[in-house]
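Below is one structure, written out as structure tokens; comments come after it.
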Amino acid sequence: LMWVGDMADCIVKYLDDKRSINEVFNIGSDDIKSLRYVVSKLTNTSLFEEGFEKPCYFEKAKKLLGWELVTNADECISLFLKEKNRELCK
């Protein structure tokens with residue numbers, strides 16, 4: 001799970017850094033959450049069971065671009081809910 005603001009920050013760093021030309025970066029979160037976990041958080045229920053998930057390694061982006069993920073999975077969910085509530089209150 002990755003917040004769009006974190007991804008946008010990485011894209012800007014990628015575009016601004018000439019060392020990134022012809023480079024491929026794996027970006028994402030090492031804070032792995034299943035879809036079941038996200039649904040349980042969004043619906044405020046306890047349906048989730050964590051299973052095997054493959055982590056995302058973004059060391060190359062960290063080393064070359066100086067980019068690090070800022071927002072963890074639970075914060076992503078919280079930010080998403082705040083945005084949705086804000087939209088509903090318009």
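FYI, the numbering just counts along the sequence from 1.
Here the NZ atom belonging to Lys63 is positioned 10.0 Å from the CZ atom belonging to Arg19, to the nearest 0.5 angstrom. Here CG of Asp9 is found 10.5 Å from CD of Glu68. Values are rounded to the nearest 0.5 Å. The CD1 atom of Ile27 sits 5.0 Å away from the CH2 atom of Trp67 when rounded to the nearest 0.5 Å. A distance of 9.0 Å separates CD in Glu75 from CG in Leu69, rounded to the nearest 0.5 Å.
Side chains of Phe25 and Ser20 form a contact here, defined as non-hydrogen atoms less than 4.5 Å apart. Within the 4.5 Å cutoff, the side chain of Trp3 has no heavy atoms near those of the Val70 side chain.
For Cys76 against Met2, the heavy-atom pair with the smallest separation is SG-C, 3.6 Å. The shortest non-hydrogen separation linking Asp17 to Leu64 is OD2-O, 3.5 Å. Residue Arg86 comes nearest to Glu83 through the heavy atom pair NH2-OE1, 2.8 Å, listed as atom of the first residue, atom of the second, then distance.
Leu65 and Ile11 fall within the same hydrophobic cluster, where Ile, Leu, Val, Met, Phe, Trp and Tyr residues are linked whenever their side-chain heavy atoms come under 4.5 Å apart, directly or through other members. Tyr14 and Val12 sit in two unconnected hydrophobic clusters of ILVMFWY residues. Membership requires side-chain heavy atoms under 4.5 Å apart, directly or through other members.
Within 6.0 Å of atom NZ in Lys60, more than 12 heavy atoms from other residues, nucleotides or ligands are found, so the atom counts as buried in its surroundings.
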